[in-house]
Structure formats: structure tokens, C-alpha cells
Student: 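Have a look at the structure that comes next, please.
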Protein chains: 4
Amino acid sequence: MSPRSSKQFEEIRQASQRKILDAALKLFAEKGYHATSISQIATEAGVAKGLIPHYFKTKEGLVQAVIEDAVAHGDALFEKMMKQPTAKGKLRFVIEEAFSMIVEEHEYNKLLASLSLKIDQFPKMREVVMGKYEGMPQLFLPLLQEAGIPNPEEELLLLGVILDGVGIQHIVLGDAMPIEKIKDYLLKKYDLEQVEIKH
Amino acid sequence: MSPRSSKQFEEIRQASQRKILDAALKLFAEKGYHATSISQIATEAGVAKGLIPHYFKTKEGLVQAVIEDAVAHGDALFEKMMKQPTAKGKLRFVIEEAFSMIVEEHEYNKLLASLSLKIDQFPKMREVVMGKYEGMPQLFLPLLQEAGIPNPEEELLLLGVILDGVGIQHIVLGDAMPIEKIKDYLLKKYDLEQVEIKH
Amino acid sequence: MSPRSSKQFEEIRQASQRKILDAALKLFAEKGYHATSISQIATEAGVAKGLIPHYFKTKEGLVQAVIEDAVAHGDALFEKMMKQPTAKGKLRFVIEEAFSMIVEEHEYNKLLASLSLKIDQFPKMREVVMGKYEGMPQLFLPLLQEAGIPNPEEELLLLGVILDGVGIQHIVLGDAMPIEKIKDYLLKKYDLEQVEIKH
Amino acid sequence: MSPRSSKQFEEIRQASQRKILDAALKLFAEKGYHATSISQIATEAGVAKGLIPHYFKTKEGLVQAVIEDAVAHGDALFEKMMKQPTAKGKLRFVIEEAFSMIVEEHEYNKLLASLSLKIDQFPKMREVVMGKYEGMPQLFLPLLQEAGIPNPEEELLLLGVILDGVGIQHIVLGDAMPIEKIKDYLLKKYDLEQVEIKH
DNA sequence: TATGAATGAGCATTCATTCAT
DNA sequence: CATGAATGAATGCTCATTCAT
């Protein structure tokens with residue numbers, strides 16, 4: 001009735017959607033997309049079952065919203081990287097963040113990996129993944145060059161492969177896989193061990 | 001008039017199971033385990049829906065049979081590798097075969113990758129994957145040492161990560177990913193370019 | 001606009017469950033447990049097929065709910081019996097009610113009989129039947145003694161056998177079986193013909 | 001080719017059908033008609049699955065053949081009874097045989113009871129049961145009269161009810177039910193305790 | 001006669017989605 | 001905005017029956 005109602009409603013909407021997205025991320029990552037039901041997400045989120053189609057129209061709509069959420073998260077990281085003053089700082093930041101994401105944001109990592117494999121079934125995913133992959137040289141080649149690394153094209157390719165390999169092995173093998181050794185290898189290889197980064 | 005001989009029956013059984021396993025591999029790889037229905041597999045295989053439970057009891061039994069098929073295939077490759085006379089020959093064989101498997105047996109590759117991510121849901125998969133991973137040092141460390149490669153532990157770890165990374169990138173990106181460049185990098189790095197292998 | 005109150009929901013739930021229980025009783029009694037499908041029950045009840053597993057989880061859960069319903073009904077009758085002031089009144093009440101149940105609640109009678117025969121397959125049924133049977137002497141022996149009936153143990157045994165025999169014959173033979181004659185025989189035998197009962 | 005072939009075939013046919021009928025009786029009695037599959041019967045009988053529809057056309061045809069088998073068995077008993085020289089001898093024979101059938105041919109008893117309850121679904125059963133029931137007075141009334149039992153109509157009715165009651169209680173309660181006490185009660189009541197019967 | 005592979009209708013159950021309140 | 005009862009299509013699986021040999 002009063003003008004602030006619509007603002008309040010908007011806040012309620014945002015809060016409900018947030019709860020649903022968090023629950024969906026958690027369960028999709030834990031059990032996979034198909035093995036997770038709308039009911040389970042509703043229970044985990046503490047909302048009524050009917051509220052999920054209400055906000056996200058379909059189950060696929062929900063997973064696309066989760067993907068967009070993850071992308072926004074990645075973009076924020078990139079912004080942070082760009083704030084590092086030197087090329088080597090940026091490089092170290094990227095490596096540190098990649099490894100820390102793999103270890104600490106296991107759920108995001110797992111979800112993104114398993115959605116990537118279903119790239120043909122989630123159009124949004126194809127768009128996002130191909131876009132990121134193709135944008136990479138433009139973004140990182142100058143950085144590797146500026147950092148004085150030889151064969152930067154080959155090196156960028158290799159770095160991408162290694163990070164993806166570490167990511168998937170950590171999902172599958174967990175702590176049976178000595179992830180820190182790979183990180184140290186990379187930092188030593190690119191002579192980044194003494195480089196300071198700011199968070 | 002007389003009933004078919006048990007040898008005839010066995011042949012019929014083998015042929016039907018083969019059709020089902022091939023169809024299952026294809027569809028599980030394409031669309032994932034949960035998104036593939038028994039009906040779809042039956043249609044793809046050209047058999048009646050009821051024949052699949054008849055032979056594989058449950059859907060999970062079917063996926064396990066597909067995994068066992070893939071494992072047997074991998075073991076056959078390993079036997080072949082052991083026939084190479086020199087350590088460098090074995091190493092080159094492994095690398096060549098890994099890359100060729102990634103490119104040419106896309107379906108197996110995709111299925112194994114996506115099942116690996118669901119390792120918690122497929123006990124058979126955990127067993128297979130952990131077994132292979134833990135057996136690797138014993139199998140390959142002597143080989144790397146004999147081939148005169150420095151830091152063999154670190155190198156084996158890295159090689160595993162790179163091959164997994166290439167595998168997953170090829171699934172996701174297909175030919176957008178210059179897979180040959182990574183292979184050449186590895187062959188050059190381990191000085192295998194001139195090594196002959198026999199097939 | 002506002003969601004239904006939990007009281008409203010509860011009423012809706014009760015009404016739907018009632019419809020399902022009634023339809024299940026009817027069809028289970030008519031055709032037997034295994035020969036009755038969830039679909040048929042849903043059609044008879046006028047609800048969607050999916051609503052039955054929603055409320056009763058499994059088909060066996062449904063039959064157990066039907067049994068519990070029948071048991072509650074039997075217990076209510078027993079309460080009524082205990083309100084008769086004299087032993088002979090109680091006895092007459094039990095006999096009258098048993099015969100009237102056999103005739104008028106043909107469905108319950110038939111269902112309980114056919115489930116009793118499948119006692120090994122329905123644990124709930126075993127529990128209920130054995131409980132009732134073993135509780136009988138404690139309940140009825142004093143009553144027969146108080147009513148001055150000689151050989152009460154033998155007589156109770158015989159009475160049970162006769163009532164079960166009448167029950168099953170009435171199911172199988174229907175009105176071809178002169179049920180009233182047996183009732184009169186019993187009333188005469190125990191000298192209950194002049195005893196008043198209150199309903 | 002030679003003339004005796006067809007006779008041999010007939011013997012083989014008889015043997016196979018016998019094995020199937022015995023297995024069917026056993027499993028139908030144990031688990032019920034619907035819960036028993038043709039496959040299970042074939043395994044129990046030690047024949048191929050396809051042989052059962054070959055001989056009995058449908059599953060219902062099989063159950064009807066089992067019923068006919070049971071009827072033939074009952075008729076043989078009746079023949080035996082008629083060989084007893086006195087009315088009391090015949091009466092005692094019937095009672096003894098009924099109780100011994102209940103205890104020792106538990107399977108027949110159970111199967112016939114559960115089929116009787118499904119009388120509407122097995123036309124053969126209705127025919128058999130009603131026929132036997134309606135033939136009973138003609139068969140047994142003269143016998144009771146000759147044995148000097150008062151109120152023979154009422155007594156025959158009661159005897160039928162008691163035997164059916166004992167039958168069903170023994171199925172449901174097994175040895176928890178003191179079946180011998182009922183038998184002794186009947187023998188005493190009809191003064192048959194000293195009557196000799198020949199087997 | 002006997003075999004068992006093959007079929008496909010039917011089953012119980014799951015679950016995304018709709019909708020009255 | 002939020003609820004959860006209701007729907008019905010789709011799933012994995014069972015099993016009576018058919019049929020080539």
C-alpha cells in the first residue's frame with residue numbers, strides 16, 4: 001500500500017532467490033543435476049516447493065541462474081587480479097586463486113566441471129565456456145610476455161591444461177592428490193616464489 | 001525342432017549384450033547417466049526395452065558393465081605398451097596412445113570423465129579410479145628413471161595432470177583446443193621425438 | 001493471496017486420504033492385494049495416480065494403513081462391548097456384532113481374511129492377528145465363566161473356530177449359506193435369547 | 001517313426017505336466033497366485049520357461065489345472081470314505097481325514113482357501129465350490145441320521161462351519177492353535193471315540 | 001518335445017510443474 | 001509473496017507370452 005512496500009518486496013524476493021541459489025549450488029555439486037530434485041532444493045533452502053518454479057520458471061532455468069552466479073564470481077576475481085601492480089603479481093595471483101578455488105570452493109569447482117561435460121545440453125554453458133576460453137590469449141598473453149616468460153603461447157596453453165587437470169584430479173581424488181607440489185612447481189617455473197601479492 | 005545348442009544361445013546372448021553395451025556407451029557419454037533412459041538405450045540398440053534389465057539386472061549394473069568394458073580395453077593397451085623394448089619406447093607409446101584415445105575414443109573418454117566426477121555414486125568407479133591412480137607410481141616411476149628423466153616423481157605427477165587436463169579440455173572444447181601442440185611439447189620435453197615404437 | 005492455513009491443508013489431506021483408503025479397501029477386498037493396481041485405486045478414489053505414493057509412500061504402506069483402519073474399528077467395537085452391564089449381555093453383544101460385521105462389512109471381512117492367509121507377506125498382519133488371538137483368553141475367559149458356561153476354555157476355542165468358519169463361508173458362499181441358523185444355535189446354546197443389549 | 005513313439009511322447013508329456021503341476025501347487029500355496037511367476041514355477045519344476053504356456057496355455061489355465069488336480073484328490077478320499085461299513089465309521093473317517101488333511105496337506109489347504117476367497121476371479125473355482133457345497137446335504141444327511149445324531153440339518157451346518165474354521169485358523173496360526181482339542185471335542189460329541197475305521 | 005531369447009504391456013514410483021488459496 | 005496438494009508424464013523394472021530353432 002505505502003510506497004516502500006515494493007522495495008521491501010524486492011528485498012524479500014532477493015533473499016528467497018539467494019537461499020534457493022545457494023541450496024541449488026550445494027546440491028547440484030554434491031549429487032549432480034539430475035539426481036537433485038526441486039523438493040530437495042526447497043527443503044535445503046527452507047522454502048516451499050512451489051517457490052522455485054515461481055522464481056526460476058524451470059529446473060533448467062535454475063541451473064542457468066546458478067551458472068550466471070558462478071560467472072559473476074569469476075569476474076569479480078578477475079577484477080581483483082587486475083589490481084595487482086606487476087605482471088608477475090597478476091600471474092601469481094591467478095595461480096594462487098586458481099588453486100585456492102580448487103581446494104576451498106570444491107563445490108563450485110565440481111559443479112562447473114560436471115556442467116562443462118554437459119556443454120551440449122546447457123546452451124548457456126557453451127556460451128560461457130567458449131567465450132572465456134577464446135578470450136584467454138588476449139587477456140593473458142600480454143601478461144606472460146610482460147613477465148618475461150619464453151614461448152608464451154605454448155606456455156599459456158600448458159598452464160590452462162595443468163590447471164584444468166589439477167581441478168579435475170582434485171575433485172576425483174581429493175587429498176590423495178598432492179596439489180601443493182604442482183603449485184610449487186608452477187611458482188618455481190615462472191620464478192614467482194618471491195613475488196608479493198595483495199589481497 | 002530340436003532346441004538351439006547352448007553355443008548358439010551363447011552367441012545370441014553375446015551379440016545382444018554387445019549391441020546394448022555399445023548403445024549405452026554412446027548415450028551415457030553423450031547425455032550423461034541420469035539423462036539417458038533405458039528406453040532410449042533400447043531404441044538405439046534396436047532391442048526391446050525389457051531385454052536390458054534381462055541382461056544387466058539394473059541400470060547401475062549396465063553402467064558397471066560398460067566401465068568394465070573400458071577397463072579391459074585399458075588393460076589391453078597396457079599389455080601392448082609393455083611389449084615396447086625400451087623405456088623411451090614405452091613412454092612414447094603411452095603418450096601417443098593417451099592422445100589418440102582422447103581424440104579417437106571420445107565417447108569412452110567422456111563417459112569415464114563424467115563418471116569420475118560422480119565417483120561417490122558409483123562404487124565400481126571409485127574402486128577402478130583409485131586402484132589405477134595408486135598403482136601408477138609403481139608402474140611408471142621405474143620407466144621414467146630408466147628413461148633418464150630428472151625429478152621423476154614430480155614429472156609423473158605433472159604428466160598425469162597434463163593428460164587429464166588435455167582429456168577434459170578436449171571433451172569440452174573439441175577441436176577448438178590445439179591438442180597436437182601439447183603432445184609435441186611433451187615429446188620434445190622428454191626427448192622422444194626420434195624414438196621408434198612398434199604397433 | 002495468502003497461503004492456506006495449516007488447518008485447511010490438514011482437512012484437505014484427511015479428505016484425500018479417506019477417499020484413497022476407502023477405494024483401496026474396496027478393491028483389495030474385491031480382487032486381492034496383488035491383483036489391484038495403484039492406478040485402479042486412484043481411478044476408484046477419483047484422484048491422480050501420483051497422489052497415492054505421495055500419501056502412503058508404497059503400496060504396502062497403503063495396505064497397512066487400511067489394516068490399521070480396520071483394527072481401530074474393531075477396538076471401538078470392543079469398547080462398546082465393555083459397556084454392556086452383564087456378562088451375558090457382553091457375550092450376546094459380541095456374537096451379534098460378529099455376525100453383523102460378517103454380513104454388513106463384507107469388505108473388511110474379506111480383506112482381513114485374505115490378508116490373514118498371506119500373513120507371511122504382511123508383517124503388520126502377523127503382529128495384529130497374533131496379538132488379538134493371544135489376548136483372547138484373558139479377555140473372554142472371565143466373561144464365559146461369569147456367564148456360567150461350562151468348560152469355558154473348550155467353549156472359547158470352539159466359539160472362535162465357529163465364528164471364523166462362518167466368516168469364511170459367508171465370503172465364499174454368500175447368501176447360499178444360512179448364517180442366521182448358526183447365530184440362533186449359538187444364542188440358544190449359551191442361553192442368550194432373552195438377554196437385552198443396548199446399542 | 002516306430003509306432004511306440006507316440007506312447008513314449010505321451011509319457012514324457014505326462015511327466016512334464018506332473019512336474020509343473022506339483023511345482024505350481026507348492027509355489028501358489030506358499031506365495032500366492034500373483035506373487036508366483038511362471039519363471040519361478042519353471043525353475044522349481046526343472047523345466048524351461050516356455051514349456052508352461054506350451055502345456056497350459058495361460059497362467060490361469062495352469063491354476064485351473066491345479067484346482068482340478070485337487071478336486072480329483074478330494075474325490076478319491078470320498079471313494080475311500082464310502083468303503084467304511086457303518087455310518088459312524090464313515091463319519092469318523094471324514095473327521096479324521098479332514099483334520100489330517102489340514103495338518104499334513106497344509107499346502108493344498110492353503111491354496112484352496114486362498115483360491116476360495118478369489119472365487120469371483122476363478123470361474124472354475126466357483127463351479128467346484130458351489131457344486132460341492134450344494135451336494136453336501138444329499139451326501140451327508142442320511143449318514144448323520146443313520147448315525148443317530150439329533151438335529152442333523154443343524155449339525156451338518158455346524159460341522160461344516162467348524163471344519164472350515166479349523167482349516168483357516170490352522171493356516172493362519174499354525175501350531176499356536178490346539179487343533180487336537182477340537183477334533184476330540186467332535187469325536188466325543190458324536191460318540192465316535194470307540195469307532196474303528198479301516199484305511 | 002524342449003529351450004530360452006525376445007517382446008511389450010503393465011506395474012509402482014518419482015518428480016517438475018500448476019494452481020487455489 | 002508463499003504454500004503445499006494435486007497432476008500426469010516418464011522412469012526402471014517385471015513378467016506372461018511368443019517363437020525360431
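The sequence lines fix the lettering, A, B, ..., with proteins before strands; numbering per chain opens at 1. Scope of the values below: all heavy atoms of this structure, side chains included, with no hydrogens, waters or symmetry mates.
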Student: Run the side chain to side chain donor-acceptor pair (under 3.5 Å) test against B:Glu10 and tell me which residues pass, sequence neighbours left out.
Tutor: B:Gln14

Student: OP1 or OP2 of F:dC1 less than 4.0 angstrom from a side-chain nitrogen or oxygen of A:Arg13, does that happen here?
Tutor: yes

Student: How about C:Met125 and C:Lys118: do any of their side-chain heavy atoms sit closer than 4.5 Å?
Tutor: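 Heavy-atom side-chain distance check fails, nothing below 4.5 Å.
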
Student: Side chain to side chain donor-acceptor pair (under 3.5 Å) with A:Glu68: which residues, sequence neighbours excluded?
Tutor: A:Lys124

Student: If the condition is ring pair (Phe, Tyr, Trp, His ring centres under 6.0 Å), which residues does D:His54 pass it with, not counting sequence neighbours?
Tutor: none

Student: When we call it a touch if two heavy atoms are under 4.0 Å apart, what does B:Tyr55 touch: a base, just sugar-phosphate, or nothing?
Tutor: sugar-phosphate

Student: At under 4.0 Å, does any side-chain N or O of D:Ser16 touch on OP1 or OP2 of E:dA2?
Tutor: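 The answer is yes; a side-chain N or O of D:Ser16 sits under 4.0 Å from OP1 or OP2.
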
Student: Go through the structure and list residues passing salt bridge (charged side-chain N to carboxylate O under 4.0 Å, His left out) with A:Lys57, not counting sequence neighbours.
Tutor: none

Student: Just the table, please: protein N/O against nucleotides 13-16 of chain F N/O, every pair under 3.5 Å.
Tutor:
| from | atom 1 | to | atom 2 | distance (Å) |
| --- | --- | --- | --- | --- |
| F:dC13 | OP2 | B:Lys59 | N | 2.8 |
| F:dC13 | N4 | B:Lys49 | NZ | 2.5 |
| F:dA16 | OP1 | D:Lys59 | NZ | 3.2 |
| F:dA16 | OP2 | D:Ile38 | N | 2.6 |

Student: Do any side-chain atoms of residues 16-25 of chain A form donor-acceptor pairs under 3.5 angstrom with protein atoms, and if so which ones, sequence neighbours left out?
Tutor:
| from | atom 1 | to | atom 2 | distance (Å) |
| --- | --- | --- | --- | --- |
| A:Ser16 | OG | A:Ile12 | O | 3.3 |
| A:Arg18 | NE | A:Asp22 | OD1 | 3.4 |
| A:Arg18 | NH2 | A:Asp22 | OD1 | 3.2 |
| A:Arg18 | NH2 | A:Asp69 | OD2 | 2.7 |

Student: Can you list the residues that meet the side chain to side chain donor-acceptor pair (under 3.5 Å) rule with C:Glu127, with sequence neighbours excluded?
Tutor: none

Student: Any residue in residues 20-32 of chain A with a heavy atom nearer than 4.0 angstrom to DNA chain F? Just list them by number, or reply none.
Tutor: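 Contacts with DNA chain F under 4.0 Å: none.
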
Student: Which residues pass the ring pair (Phe, Tyr, Trp, His ring centres under 6.0 Å) test with D:Tyr108, not counting sequence neighbours?
Tutor: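 Scan of D:Tyr108 (ring pair (Phe, Tyr, Trp, His ring centres under 6.0 Å), adjacent residues dropped) gives D:His73.
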
Student: Output every pair passing ring-ring contact (aromatic ring centres under 6.0 Å, His included) with a member in residues 22-43 of chain D, not counting sequence neighbours, ordered by first then second residue.
Tutor: D:Phe28-D:Tyr33, D:Tyr33-D:Phe122

Student: Can you name the salt bridge (charged side-chain N to carboxylate O under 4.0 Å, His left out) partners of D:Lys31, sequence neighbours left out?
Tutor: none

Student: Angle between the end axes of the helix from E:dA2-F:dT21 to E:dT21-F:dA2, five pairs per end, to the nearest 10 degrees?
Tutor: 10°

